[in-house]
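These notes concern the structure reproduced below.
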Amino acid sequence: MAETAQPVTMDTIVSLCRRRGFVFPSSEIYGGLGSTYDYGHYGVLLKNSIRSLWLRAMVQERDDIVALDSAIILNPRVWEASGHIAGFTDPLVDCRTCKLRFRADKLEDSNCGRKPSKRPGETPDCDLTEPRQFNLMFETHVGALQDESSGAYLRPETAQGIFINFKNVAQLARRKPPFGIAQVGKSFRNEITPGNFLFRVREFEQMEMEFFVPPADATQWFEYWLEQRLGWHRSLGLRDSNLRVREHDEAERSHYSTATSDIEYLYPIGWQELEGVANRGEFDLTQHTQHSGTKLEWIDPDGNRYTPHVIEPAVSIERIFVALLCDAYHEEVVGDRERVVLRLHPRVAPVKAAILPLIPRDEGMATRARALYEELRRYHVVEHDDSGQIGRRYRRQDEIGTPWAFTVDEQTLEDETVTVRDRDSLAQERLPIGGVREWLEDALERDWSSPSSD
Ligand code: ATP
């Protein structure tokens, strides 16, 4: 097996996603809506894997974190208290020549509208305005009447829905600091320059956890969560050489944060933020206490009151989705044929196994394959495929990252065994058909690391 050494580009990932129905440009039949995407079958399955592995690590496997699902449209005073109305802005510049708008702090990642395209400001014709602050929140109206009092916002982060429920959860979930509240849900930001596929979109699914701790322990918990989150990304199979931690300096940090570090991934566009881990101090609970008049504090059994400090790991499914595909994508030559393979961690892969009758019109093979498929699909997402040459069916499964294929062939009819083909090594072995379910369970529990060189 020889690997072709081309580094993966974002265009390659976009075209794989399109070809295999992971992701489509949204509203395509109406000409699309810039940088908005719809997810097809395998995209939905991959997102489900990411979401459920996050919830498993954050909620299911811990005693100290509970789940929450707050509303997307909140009382607008929430955003006043959080500082988003005044300060959730990015600096925007207009180009008077090409009429495009750019983020002033990301000019090096943008393309000028003139040909040949350069960075905005780099061509002699570029005529950029002074930067002005642009608020990223989408505005909407609640109810039938549209006036100033009906104005509201689509949430730009899920975190505020957590802070305003601190009292409810602390009382009802019978938790005391240190404890956390985890939430997964859509967030909306009117990004000035969305792009790079799903990396920066205007509608995305955030996974945020707010961990409330006694103030004296905040630094220690910040270090703990940074380490945990890095370990989690590794556990998804992302290669170590493509992950790093970058500490924000003081100028880059939000004014309330005492420490922030980004977990960065080496995307085809360079090292970029995958997940942010921040020590938010007591800022959020204090702000909401002041603005709402409801005390968001903790009273310990000795009657001592304090405002817990908050450690926040925040990431979007989209940024993980792109990182996983970039990490997993490989083109290689096997024998005299090229194949594209997604070396996804089996627990992440959209489809866990394919069940393939070698000769679909052979009734014995067809019946056994169908029965095996119906047994396995009760426990896992598996796929039955009986169309086309067996080689083509294997290639199709390789391209969507299915780790194993069980093939029912002539020998199955004689001795009730099937072949299992391994996506990564291409090794094949025979198993009793009655033992496939248990074999698959064991295989999914096994450690896995990418066989690709770093
Ligand atoms: P950036 O500097 O890239 O704009 P940010 O620092 O504003 O990101 P946060 O507010 O810290 O991002 O959001 C937390 C996480 O949400 C990010 O680490 C990223 O995973 C994700 N995220 C933020 N904005 C977007 C977006 N427009 N599209 C996809 N994911 C996003």
Side-chain angles (χ1 to χ4, degrees), residues 10 23 26 33-37 39 43 47 50-51 54 79 82-84 87-92 102-110 133-138 154-163 182-210 222 225-226 229-230 232-233 236 238 243-249 251-257 259-265 267 269-280 283-284 310-326:
M10 211 57 115
V23 182
S26 181
L33 175 69
S35 296
T36 310
Y37 296 92
Y39 291 82
K47 284 213 296 180
I50 298 169
R51 191 187 304 106
W54 189 87
W79 306 110
S82 66
H84 281 79
F88 192 58
T89 55
D90 277 337
L92 173 147
F102 307 102
R103 238 175 98 166
D105 59 336
K106 301 261 179 195
L107 289 181
E108 70 284 1
D109 298 338
S110 309
Q133 292 302 322
F134 172 78
N135 196 300
L136 301 184
M137 284 198 292
F138 279 100
L154 302 188
R155 68 178 174 202
E157 60 176 37
T158 65
Q160 300 303 323
I162 296 181
F163 299 131
Q183 161 151 250
V184 182
K186 286 260 171 138
S187 291
F188 303 83
R189 296 184 186 181
N190 197 4
E191 298 277 2
I192 298 167
T193 37
N196 289 314
F197 193 34
L198 304 170
F199 179 83
R200 189 177 300 286
V201 276
R202 295 195 169 111
E203 175 182 337
F204 52 99
E205 197 169 336
Q206 275 191 315
M207 306 195 289
E208 297 193 291
M209 195 278 293
E210 309 303 320
F222 172 78
W225 278 110
L226 191 56
R229 297 305 304 148
L230 189 60
W232 184 79
H233 289 290
L236 297 188
L238 292 180
L243 287 167
R244 74 175 188 195
V245 171
R246 189 182 66 82
E247 208 177 312
H248 286 205
D249 58 33
E252 202 183 346
R253 277 199 309 263
S254 313
H255 59 282
Y256 51 79
S257 171
T260 301
S261 285
D262 289 345
I263 297 174
E264 294 191 330
Y265 181 77
Y267 291 95
I269 50 174
W271 287 103
Q272 298 283 343
E273 173 175 345
L274 169 63
E275 170 155 359
V277 181
N279 179 348
R280 301 177 67 117
F283 176 79
D284 305 279
V310 174
I311 311 301
E312 173 195 80
V315 65
S316 70
I317 292 187
E318 284 74 4
R319 292 215 180 158
I320 300 175
F321 192 105
V322 179
L324 284 171
L325 293 181
C326 294

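Counting convention: from 1, in listed order, for ligands and their atoms alike. Given the structure is predicted, the values throughout are model-derived calculations rather than measurements.
Below 3.5 Å of separation, one finds no N or O of Glu318 facing any N or O of ligand 1. Between Lys106 and ligand 1, not a single N/O pair is under 3.5 Å apart.
Counting heavy atoms under 4.0 Å from ligand 1, residue Glu208 does not touch it at all. Contacts of Arg202 with ligand 1, taken as heavy-atom pairs under 4.0 Å, are absent altogether.
For Ser254 (side chain) and Ser257 (main-chain N/O), no donor-acceptor pair under 3.5 Å exists by modelled atom type. Using a distance-only test at 3.5 Å, with no hydrogens or angles considered, a donor-acceptor pair links the side chain of Arg189 to the main chain of Pro156.
Aromatic rings of Tyr265 and Tyr267 (six-membered ring for Trp) have centroids within the 6.0 Å cut-off, being under it.
Counting protein heavy atoms only, atom 19 (C) of ligand 1 is closest to Arg319 NH1, 3.7 Å. For atom 23 (C) of ligand 1, the closest non-hydrogen atom of the protein is Arg189 NH1, 3.5 Å. If you check which protein heavy atom lies closest to atom 3 (O) of ligand 1, you get Arg200 NH2, 2.9 Å. With hydrogens left out, the protein atom closest to atom 17 (C) of ligand 1 is Glu273 OE2, 3.3 Å, a heavy atom. The protein heavy atom nearest to atom 22 (N) of ligand 1 is Phe204 CE1, 3.6 Å. Among protein heavy atoms, atom 28 (N) of ligand 1 sits closest to Val201 N, 3.1 Å. In terms of protein heavy atoms, atom 29 (C) of ligand 1 is closest to Phe199 O, 3.3 Å. With respect to atom 15 (C) of ligand 1, the closest heavy atom belonging to the protein is Ala314 O, 3.6 Å.
Heavy atoms of Leu274 come nearer than 4.0 angstrom to ligand 1 in at least one pair. In this structure, Arg103 has a heavy atom closer than 4.0 Å to ligand 1.
In this structure, Arg155 forms no cation-pi arrangement with Phe188, as its terminal cationic atom is not both closer than 6.0 Å to the ring centre and no more than 45° off the ring axis. Cation-pi geometry between Arg51 and Trp54 is not met at under 6.0 angstrom from the ring centre and within 45 degrees of the axis.
Within 6.0 Å of the CD atom in Glu247, the count of heavy atoms belonging to other residues, nucleotides or ligands does not exceed 12.
For the residue pair Gln160 and Ser82, no side-chain donor N or O sits within less than 3.5 Å of a side-chain acceptor on the partner.
Here the shortest heavy-atom pairing between Arg202 and Gly34 reads NH1-O, 4.0 Å. Considering all non-hydrogen atoms of both residues, Gln183 and Thr158 come closest at NE2-O, 3.0 Å.
Annotation for ligand 1: atoms under 4.0 Å from non-hydrogen atoms of Glu191 are 24 (N), 26 (C), 27 (N).
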